[in-house]
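Just so it is clear: chains get the letters A, B, ... in the order the sequence lines come, proteins before strands, and each one is counted from 1.
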Amino acid sequence: MLRRRDELQKLIEMNINPYAYEFPRTAFSQDIFRSFDDSAPPQTVAVAGRIMSIRRMGKASFCHIQDSKGKIQIYLKKDDLGKMYDAFKLMDIGDIIGVHGFVFRTKMGEISVHAQRLELLAKSLRPLPVVKEKIDEHGNRIVYDPFSDKELRYRQRYVDLIVNPEVRQVFIKRAKIISTIRKFCDERGYLEVETPVLQPLYGGASARPFITHHNALDIDLYLRIADELYLKRLIVGGFDGVYEISKDFRNEGMDRTHNPEFTMMEIYVAYKDYMWMMTFVEELLSTVANEVNGTMKVTVGSNEVDFTPPWRRLTMYDAIREFTGKSLEGKNEKELREIADELGLEVDQTVGIGAIIDEIFSEKVEPFLIQPTIITDYPIEMSPLAKKHRFKPGLVERFEVIVNGKELCNAFSELNDPLDQRARFEEQMKLRARGDEEAHVLDEDYLRALEYGMPPTAGLGIGIDRLTMILTNQESIRDVILFPQMKPER
RNA sequence: GAGCGUGUAGCUCAGGGGUAGAGCAUCUGCCUUUUAAGCAGAGGGUCGAUGGUUCGAUUCCAUCCACGCUCACCA
């Protein structure tokens, strides 16, 4: 750092502004490679980027600069640059430069830019973790001593992005996923809306909220745990389809698949039911997979996941029967506990039928569903916002999409009977009174909205972070969130 | 929240009760087509923090902090 300060001072003394105002770039690295032609006259370009390596040989040097699309080699000669070549001697890996020059091919065959003019655009004062690499005879990129410390990578994501180009690709894909979802929904006429992040009551999911305080009103507000209840209010208001892609916040543990703030896409479509939504989500996710990776198939860890529709659909009971040989249909709580016991599962004594079934499913079925699978018809106890099944008592019209052993989407035929909804909320309040901090809160205004009448509606939620994990083959949510939550540095 | 593990130079890592090591990076010199450039030389560390044991601790012990993995929790 001190040395670089000295260099900075010397550059200033040479009458060079180390922090330029702009640079008239005409080309990116990759575009130059694409358009290069050995037989054509040399093309003049202006490129800019960060110096990533330097090879000095007295009165001539090579360096690689990195721009947003890749790297390109620059050849600098004292004969061509004069005073600026001396300035170049004061430049380091990490500095951002602009180069005017012509494109040529070196003796070693690398397409490079022969610098005719050099400008310093930003002097770097902090040494970059230098990653050396070479391409072996098979064309594989070998990286020596990569910048791999996860704590540093997450805390200083800017450095991670500079040094680890594959990280950049993950976030480019993430943006593509979101823009594809948006385009897909817009094309079908659904309206993108924004609903409150700060809510006087939180709802739409089972989770503990973050609480904050509004000074002027002197009231506590909650950061939303879901968008659901506000979006359905908009269906009451007469929109045919509304969707929102936004951050939700849940005040719970963090691990490989959970970050306290995460991105959710929710969509509600009037006059549709969950059967319609199954086809919708198949089309949506297969389109997204195809747009992002150019194929419906994606490698996730040691599995290959194929999003080509149609996906397998089976009921939760059938899935449990298939994977455990046990039939849960019509069983009472005592019988279910016995079955759970036989399967070697420990189920808390206080929980009800729904939770026992959910436990069996989560442990014995879900992890083994690798290909996209639609699991339908969940126990009513777990789903206070879903409509009762039209002919299966005790169940609701709900489905989840399981991919690579994890829940990716959750959808229902939305409950639009205000009296039933009130009864369900009251059940939740009883759970809350018994100490379940994650039980839903009764929302009088939401009930009032339903009392005005909500058309039959299908709703869907997709965890964008988890979707990104699958489509980019990342095993931690922290690798698909630019700035994941960390404890403060001390 | 629990268990296990990690923390040493800018980065990646060795080491080990007696004042600290490598490669790359950095600095100096040579080098006008190099590419993990090369050659010769040099500098760089509160060994995560705080206590304890010891003549002596970076090393052993305890506590704390941060991170990772697994589990628990979690739609």
Side-chain angles (χ1 to χ4, degrees), chain A residues 1-4 6-7 52-64 71-81 85 89-90 92-94 104-110 112 114 124-136 141-156 159-160 163-164 204-208 225-226 228 248 250-260 262 264 346 348 355 358 361-362 366 375 378 382-383 385 398 400-402 406-412 437-438 440 461-463 466 475-478 484 486-490:
Chain A
M1 291 266 305
L2 279 176
R3 289 202 185 94
R4 292 195 176 207
D6 289 344
E7 289 166 351
M52 297 302 287
S53 64
I54 303 180
R55 290 170 295 283
R56 299 181 199 275
M57 298 163 301
K59 297 185 182 64
S61 298
F62 285 93
C63 69
H64 273 95
K71 290 181 190 170
I72 188 164
Q73 181 169 256
I74 309 293
Y75 178 51
L76 306 104
K77 252 167 56 166
K78 188 169 173 65
D79 296 348
D80 300 320
L81 296 171
Y85 191 80
K89 289 180 179 170
L90 296 169
D92 294 294
I93 291 174
F104 75 113
R105 190 186 286 277
T106 65
K107 276 183 186 167
M108 300 299 288
E110 180 166 348
S112 308
H114 187 128
S124 163
L125 294 180
R126 217 174 256 278
L128 210 55
V130 178
V131 177
K132 289 215 164 191
E133 59 184 54
K134 83 171 178 192
I135 310 294
D136 71 8
R141 187 164 145 266
I142 302 173
V143 180
Y144 297 87
D145 300 331
F147 177 64
S148 57
D149 183 284
K150 287 191 177 178
E151 180 173 2
L152 285 176
R153 286 185 46 223
Y154 298 145
R155 286 197 196 280
Q156 300 182 39
V159 176
D160 191 28
V163 184
N164 295 321
S206 305
R208 278 178 288 173
I225 59 172
E228 174 151 357
D248 289 345
R250 298 189 186 175
N251 204 342
E252 283 160 356
M254 293 158 57
D255 64 23
R256 228 173 58 252
T257 54
H258 296 85
N259 195 65
F262 62 100
M264 183 82 112
E346 286 183 27
D348 198 284
D358 188 63
F361 180 77
S362 312
E366 194 173 77
I375 298 293
Y378 283 64
M382 310 292 294
S383 315
L385 301 168
R398 171 181 176 180
E400 289 189 355
V401 178
I402 314 293
K406 292 255 161 49
E407 175 204 341
L408 183 61
C409 309
N410 183 24
F412 342 121
E437 288 182 76
E438 284 157 10
H440 289 235
I462 301 174
R466 290 185 183 180
E475 56 188 23
S476 170
I477 198 168
R478 291 183 152 188
M486 303 287 280
K487 287 193 194 175
E489 282 181 271
R490 300 176 46 125

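Side-chain N/O atoms of Lys132(A) include none lying less than 4.0 angstrom from OP1 or OP2 on rC24(B). Taking only side-chain nitrogens and oxygens, Arg55(A) never comes nearer than 4.0 Å to OP1 or OP2 of rU34(B). Between Arg155(A) and the phosphate of rA66(B), there is no side-chain N or O to OP1/OP2 separation shorter than 4.0 Å. OP1 or OP2 of rC69(B) lies within a sub-4.0 Å distance of a side-chain N or O belonging to Lys150(A).
Among the protein residues, Asp255(A) comes within range of the nucleic acid bases, having at least one heavy atom under 4.0 Å from a base atom.
No hydrogens or angles were tested; on distance alone, nothing pairs the side chain of Ser148(A) with the base of rU12(B) as donor and acceptor under 3.5 Å.
The salt bridge (Lys or Arg N to Asp or Glu O under 4.0 Å) contacts involving residues 142-154 of chain A comprise Glu151(A)-Arg155(A), Arg153(A)-Asp160(A), Arg153(A)-Asp479(A), where partners must be two or more places apart or lie in separate chains.
The shortest non-hydrogen separation linking Lys134(A) to Tyr144(A) is CE-OH, 3.3 Å. Minimum heavy-atom separation, Ile402(A) to Glu407(A): CD1-CA, 4.0 Å.
Taking a pair as Watson-Crick or G-U with both hydrogen-bonding distances under 3.5 Å, the stems of three or more pairs touching RNA chain B are B:1-7 with B:65-71, B:10-13 with B:21-24, B:26-30 with B:38-42, B:48-52 with B:60-64.
Positionally, the nearest nucleotide of RNA chain B for Lys78(A) lies more toward the 5' end than for the other of Lys78(A) and Ser383(A).
Stacking here means ring centres nearer than 5.5 Å and ring planes tilted less than 30 degrees, and by that measure Tyr144(A) does not stack onto rG23(B).
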